[in-house]
Amino acid sequence: YDGIIEIPVVVNIIEKFNGEVTDAQIASQIAILNEDFNNNNPNTSRVPNEFSGLIADYKISFKVNAIYRKISSKASWGTRDAMKSSKKGGIDATDPGHNLNIWVCEIGGGILGYAQFPGGPASTDGIVIGTNYFGKTTGPYGNGRTATHEVGHWLNLRHIWGDGGCSYDDFVDDTPRSDGPNYYCPTYPMVACNSNDMTMNYMDYVYDDCMYMFTIGQHTRSRALFASDGYRSSFVT
Ligand code: ARG
Ligand code: ZN
Ligand code: CA
């Protein structure tokens, strides 16, 4: 399937008081996802020539289907999925075969967000974003790109450096090999493993304003999920 895929989004907010995460914050996050997954990030004009022919338009649009809110004084939820369970004080997932579930809560430990790859248990399928990094907030991670990165994982993308040294792969041919993440806002070129790093890829670890592309190869890998035999085919049928 080659056309636009519409992904209904269920936003599960666990907050200290009602409205701590504002409706405007939610709307800004959805707008950023729609920009990034439709090749409308204005920063994309900064992609170096070497990589400009590889820029992909994911043609995925996101639409809020439901917003659930729950009040909790828990200071940090960690990364073991407690926020996804009402028994543990969180909010249960809603129909993950037809919705991207996003949990917004205080994760703690300086963690911006995390995601489950396709193929895991349905009850924990989705992404988790730290309250301060959800939508438009402040600081170098205040432009909503943590969600873009986590949706990348949800769409089967690995980190660009393959989570290892030069021999580790991200299973995408057109992303250059690297030996580790890049941080801050790197100046091109950053050389590793005898090639220039694609630091501006959403699947690196740079600041929000310094990530602004997916590649054709990443797009092909993600799109396979929506084929009739793909793990996320229920979103298109
Ligand atoms: N560390 C997180 C992860 O590996 C997210 C990184 C997001 N980066 C950003 N610039 N917002 O899933
Ligand atoms: Zn990641
Ligand atoms: Ca690669």
Side-chain angles (χ1 to χ4, degrees), residues 25 28-29 32-33 35-37 41 43-44 46 50-51 53-56 76-81 83 100 102-118 120 124-186 190-222:
Q25 201 178 338
S28 70
Q29 181 63 77
I32 289 157
L33 286 172
E35 262 180 36
D36 294 352
F37 284 89
N41 181 337
N43 291 340
T44 304
R46 294 172 7 204
E50 179 187 3
F51 302 135
L54 301 174
I55 299 167
S76 61
W77 285 84
T79 54
R80 294 183 59 196
D81 296 335
M83 73 291 290
L100 164 62
I102 303 182
W103 286 269
V104 181
C105 62
E106 219 57 75
I107 301 173
I111 290 158
L112 306 174
Y114 75 97
Q116 181 171 300
F117 287 110
T124 49
D125 193 18
I127 69 171
V128 184
I129 308 293
T131 307
N132 297 330
Y133 314 109
F134 181 69
K136 275 244 182 285
T137 58
T138 54
Y141 302 109
N143 267 329
R145 302 242 137 73
T146 299
T148 302
H149 176 107
E150 302 311 334
V151 171
H153 287 312
W154 185 79
L155 291 172
N156 213 19
L157 299 185
R158 307 286 160 150
H159 291 137
I160 196 124
W161 66 98
D163 291 312
C166 293
S167 66
Y168 285 74
D169 197 7
D170 65 351
F171 311 113
V172 172
D173 284 339
D174 60 5
T175 53
R177 296 233 175 183
S178 185
D179 57 358
N182 291 283
Y183 296 101
Y184 314 107
C185 198
M190 297 290 286
V191 183
C193 311
N194 306 308
S195 56
N196 297 333
D197 277 357
M198 193 185 277
T199 63
M200 62 295 303
N201 195 283
Y202 292 116
M203 302 315 289
D204 207 329
Y205 266 4
V206 295
Y207 286 162
D208 280 11
D209 280 348
C210 307
M211 44 171 62
Y212 34 82
M213 73 178 287
F214 288 117
T215 68
I216 307 272
Q218 287 174 318
H219 179 228
T220 303
R221 180 172 169 85
S222 292

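Given the structure is predicted, the values throughout are model-derived calculations rather than measurements. Note that the numbering runs from 1 along the sequence shown for the chain. Read the numbers this way: they start at 1 and go in the same order the structure lists the ligands and their atoms.
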Establish, from distance only, whether the side-chain atoms of [X] and [Y] form a donor-acceptor pair under 3.5 Å.
X	Y	value
Y202	N41	yes
S76	E106	no
T215	D174	yes

What atoms in ligand 1 come closer than 4.0 Å to a heavy atom of [X]?
X	value
H159	4 (O)
R145	11 (N)
V206	9 (C), 10 (N)
H153	12 (O)
D208	9 (C), 10 (N), 11 (N)
M211	8 (N), 9 (C), 10 (N)
E150	2 (C), 3 (C), 5 (C), 12 (O)

- Task: Could you find the nearest protein heavy atom to atom 4 (O) of ligand 1 and give me its residue, atom name and distance?
- Result: Y205 OH, 2.6 Å
- Query: For atom 7 (C) of ligand 1, which protein heavy atom lies nearest, and how many Å away is it?
  - Reply: L112 CD1, 3.8 Å
- Task: Verify the distance test for F171 against the Ca ion (ligand 3): any N/O/S atom under 3.0 Å, yes or no.
- Result: no
- Would you give the angle at the Zn ion (ligand 2) between H149 atom NE2 and H159 atom NE2, to the nearest 10°? 110°
- Task: Examine the proximity of ligand 1 to T146 and report which part, side chain or backbone, both or neither, has a heavy atom under 4.0 Å away.
- Result: both
- ligand 1 versus Y133: contacting region, heavy-atom distance under 4.0 Å: neither
- Within a strict 4.5 Å, meaning less than it, do heavy atoms of the F117 and W154 side chains meet? no
- Does the pair D36/R145 count as a salt bridge with the N-to-O cut at 4.0 Å? yes
- Validation row, ring centre Y183 to ring centre Y207 under 6.0 Å: no
- Message: Classify the ring geometry of Y205 against H149: parallel below 30°, tilted from 30° to 60°, perpendicular beyond 60°.
- Response: tilted
- Task: Check the surroundings of atom OH in Y168: do more than 12 heavy atoms from other residues, nucleotides or ligands lie under 6.0 Å from it?
- Result: no
- Message: Heavy-atom count check: over 12 atoms from other residues, nucleotides or ligands less than 6.0 Å from D179 CG?
- Response: yes
- Item | Shortest non-hydrogen contact between G217 and V172, atoms and distance | C-CG1, 3.6 Å
- Item | the Ca ion (ligand 3) - closest N/O/S atom in D170 | OD1
- Query: Is H149 in polar range of ligand 1, meaning some N or O pair under 3.5 Å apart?
  - Reply: yes
- O (T175) to the Ca ion (ligand 3) to O (V172) angle, given to the nearest 10 degrees: 110°
